Amino acid sequence: IEMEVKAPKAQTVRAHEAIREQGPGGAFFEMDFEGDAKRFVQRRRVDIPRMRVDADDYPELYRFTRAVDAADQRAIRLRF
């Protein structure tokens with residue numbers, strides 16, 4: 001997913017550093033930002049292949065899904 005937001009009246013845009021998470025069974029999440037005071041672009045990539053998760057891997061799957069959820073909830077601040 002790629003989202004571009006143009007903010008012509010914004011003085012600054014504060015985005016976050018790129019976020020990358022690896023999960024069990026090849027699961028992957030990446031969120032990246034670029035931009036300036038006029039616009040920013042957010043790119044997200046998620047790949048969770050179909051898999052069987054062994055009980056021993058449940059804690060890692062939980063950690064991965066919580067990290068992805070936390071990253072997805074981060075605010076991007078525009079200052080006008």
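The structure displayed is predicted, hence computed values, not measured ones.
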Name each donor-acceptor pair under 3.5 Å that joins a side chain in residues 41-58 to protein atoms two or more places apart or in another chain, with its distance.
{"unit_1": "R43", "atom_1": "NE", "unit_2": "E2", "atom_2": "OE1", "d": "3.1"}
{"unit_1": "R43", "atom_1": "NH1", "unit_2": "E34", "atom_2": "OE1", "d": "3.1"}
{"unit_1": "R44", "atom_1": "NH2", "unit_2": "D72", "atom_2": "OD1", "d": "3.4"}

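In the hydrophobic clustering of this structure, F29 groups with L61; members are Ile, Leu, Val, Met, Phe, Trp, Tyr whose side-chain heavy atoms approach within less than 4.5 Å, directly or through other members.
For the atom pair CZ (R20) and CE (M31), the distance works out to 11.5 Å, reported to the nearest 0.5 Å. With values rounded to the nearest 0.5 angstrom, T65 atom OG1 is found 10.5 Å from E21 atom CD. Atom CZ in R66 sits 13.0 Å away from atom CZ in F64 (nearest 0.5 Å).
Applying the ring pair (Phe, Tyr, Trp, His ring centres under 6.0 Å) test to F33 and every residue at least two apart in sequence or in another chain returns H16.
Between E60 and G23, the shortest heavy-atom distance links the atoms OE2-CA, 4.2 Å.
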